[in-house]
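Just so it is clear: chains get the letters A, B, ... in the order the sequence lines come, proteins before strands, and each one is counted from 1.
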2 protein chains.
Amino acid sequence: MTKDHDLKGHAWAVLLTAHATLVERIETALAEAGLPPLGWYDVLWELEKAEGGRLRMHELARRIVLSRSNLTRLADRLEDAKLMEREDTPHDRRGYDCVITRAGLAMRKKIWPLYKAEIESLFSRHITVQEARTIGDALARAVKAAGGEG
Amino acid sequence: MTKDHDLKGHAWAVLLTAHATLVERIETALAEAGLPPLGWYDVLWELEKAEGGRLRMHELARRIVLSRSNLTRLADRLEDAKLMEREDTPHDRRGYDCVITRAGLAMRKKIWPLYKAEIESLFSRHITVQEARTIGDALARAVKAAGGEG
DNA sequence: ATCGCGTAGTTGCAAATGCAACGATATGCT
DNA sequence: AGCATATCGTTGCATTTGCAACTACGCGAT
């Protein structure tokens with residue numbers, strides 16, 4: 001039990017370190033290539049995956065795990081860069097749809113090869129398929145539980 | 001091969017989401033309890049674990065995966081809060097030792113129960129011991145590889 | 001219709017971050 | 001010794017973040 005705890009606590013600590021280390025590396029690689037940061041990719045990718053390339057602000061914020069106010073500013077930047085647009089939503093005059101533009105689609109496709117290569121060399125390369133399955137399953141369970149309640 | 005890739009890419013995506021979600025939850029819990037953020041805990045814990053409760057700035061920065069300039073400011077805050085001190089290093093007049101204070105030790109001990117409880121309810125609770133072992137091993141391998149080179 | 005409450009998104013302000021430039025010291029080479 | 005180069009840590013400045021307040025709208029009850 002004590003040992004279980006140590007193993008799990010250790011896994012958490014390693015998770016934090018891995019995230020910090022790998023994300024830093026990836027951000028550096030993107031910056032060096034003159035590409036926008038990871039956060040931009042997340043937005044573009046979520047929009048691209050969504051029906052009609054559009055998503056409400058709050059839904060987008062939820063999917064990329066970002067506070068509303070932060071998404072407001074991030075969306076401002078993406079919009080300034082012509083990678084997405086805000087459109088009034090038909091049935092709710094309070095809100096907007098974020099819609100990815102052609103340039104946004106192109107940018108996501110432009111970023112992906114480098115991002116993919118970085119994931120490969122920093123992450124995928126070092127883990128087995130079994131491990132990947134385990135990591136995906138276990139963490140997804142934790143995320144799901146956290147999403148529902150506390 | 002394609003499937004392997006998807007599994008690994010998916011694991012990466014879930015890792016990012018899990019990190020964002022769980023860290024946000026933990027920060028909120030700490031803030032609600034009037035406790036300092038996670039970054040402070042990391043510093044205090046690294047110092048406490050280190051020989052003599054002291055570590056050079058650059059070494060501390062490396063261990064908590066933080067840029068030098070960021071550590072400078074973080075250390076300023078911790079020092080203002082009397083949780084650590086900077087001391088001149090004997091054999092290198094450029095650098096400092098960060099030394100944890102009694103108040104720093106006390107603060108780390110004060111934070112730990114809540115942090116531990118959050119890790120338990122958000123993370124440990126949802127994964128098996130086997131999974132924890134796998135996560136720890138696999139991610140540690142990636143971190144080690146990233147630490148060495150690119 | 002109006003009141004009250006909840007939600008969508010934005011904004012101001014203070015704090016934190018990242019990056020490049022800097023002063024100071026150490027180190028290696030000649 | 002003298003000079004070039006690299007490292008330690010800090011600082012200035014611009015960008016990003018986080019939190020709390022705020023506007024605007026939706027929704028249910030009266």
Colleague: Pair up each side-chain donor or acceptor in residues 92-105 of chain B with any protein partner under 3.5 Å, not counting sequence neighbours, and list the distances.
Modeller:
{"unit_1": "B/Asp92", "atom_1": "OD1", "unit_2": "B/Arg94", "atom_2": "N", "d": "2.9"}
{"unit_1": "B/Asp92", "atom_1": "OD1", "unit_2": "B/Arg94", "atom_2": "NE", "d": "3.0"}
{"unit_1": "B/Asp92", "atom_1": "OD2", "unit_2": "B/Arg94", "atom_2": "NE", "d": "3.4"}
{"unit_1": "B/Asp92", "atom_1": "OD2", "unit_2": "B/Arg94", "atom_2": "NH2", "d": "2.8"}
{"unit_1": "B/Asp97", "atom_1": "OD1", "unit_2": "B/Thr89", "atom_2": "OG1", "d": "2.9"}
{"unit_1": "B/Asp97", "atom_1": "OD2", "unit_2": "B/Arg54", "atom_2": "NH1", "d": "3.1"}
{"unit_1": "B/Thr101", "atom_1": "OG1", "unit_2": "B/Lys82", "atom_2": "O", "d": "2.7"}
{"unit_1": "B/Thr101", "atom_1": "OG1", "unit_2": "B/Leu83", "atom_2": "O", "d": "3.0"}
{"unit_1": "B/Thr101", "atom_1": "OG1", "unit_2": "B/Ala103", "atom_2": "N", "d": "3.4"}
{"unit_1": "B/Thr101", "atom_1": "OG1", "unit_2": "B/Gly104", "atom_2": "N", "d": "2.9"}

Colleague: Sequence neighbours left out, what passes salt bridge (charged side-chain N to carboxylate O under 4.0 Å, His left out) with B/Lys109? Give chain and number order.
Modeller: B/Glu48

Colleague: Crowded around B/Glu27 CD? As in, over 12 foreign heavy atoms under 6.0 Å?
Modeller: yes

Colleague: For residues 12-24 of chain B, which residue pairs qualify under side chain to side chain donor-acceptor pair (under 3.5 Å), counting only residues two or more places apart or in two chains?
Modeller: A/His19-B/His19, A/Tyr115-B/Trp12

Colleague: What residues form a salt bridge (charged side-chain N to carboxylate O under 4.0 Å, His left out) with A/Arg62, not counting sequence neighbours?
Modeller: A/Glu59

Colleague: Taking side chain to side chain contact (heavy atoms under 4.5 Å, CB included) as the test, write out the residues that go with B/Ala20, two or more places apart.
Modeller: A/Val65

Colleague: Shoot me the first and last contacting nucleotide of DNA chain D against chain A, ordered 5' to 3', at under 4.0 angstrom to non-hydrogen atoms.
Modeller: D/dT16 to D/dG26

Colleague: Which letters describe nucleotides 5-11 of chain C, given B = protein heavy atom under 4.0 Å from base, S = only from sugar-phosphate, - = neither?
Modeller: -BBSSBB

Colleague: Which of residues 31-49 of chain A sit near DNA chain C, with a heavy atom under 4.0 Å from it?
Modeller: none

Colleague: Can you pull the ring-ring contact (aromatic ring centres under 6.0 Å, His included) pairs that have at least one residue in residues 49-85 of chain A, sequence neighbours excluded?
Modeller: none

Colleague: Please output the side-chain donor-acceptor pairs of residues 37-46 of chain A that fall under 3.5 Å, not counting sequence neighbours, one pair per line with the distance.
Modeller:
{"unit_1": "A/Tyr41", "atom_1": "OH", "unit_2": "A/Arg108", "atom_2": "NH1", "d": "2.8"}
{"unit_1": "A/Glu46", "atom_1": "OE2", "unit_2": "A/Lys49", "atom_2": "NZ", "d": "3.3"}

Colleague: Please compare A/Leu66 and A/His91 by the position of their nearest nucleotide in DNA chain D and report the one closer to 5'.
Modeller: A/Leu66

Colleague: Using side chain to side chain contact (heavy atoms under 4.5 Å, CB included) as the criterion, list what pairs up with A/Ser67, not counting sequence neighbours.
Modeller: A/Ser69, A/Asn70

Colleague: Can you list everything that forms a salt bridge (charged side-chain N to carboxylate O under 4.0 Å, His left out) with B/Glu131? Sequence neighbours excluded, please.
Modeller: A/Arg141

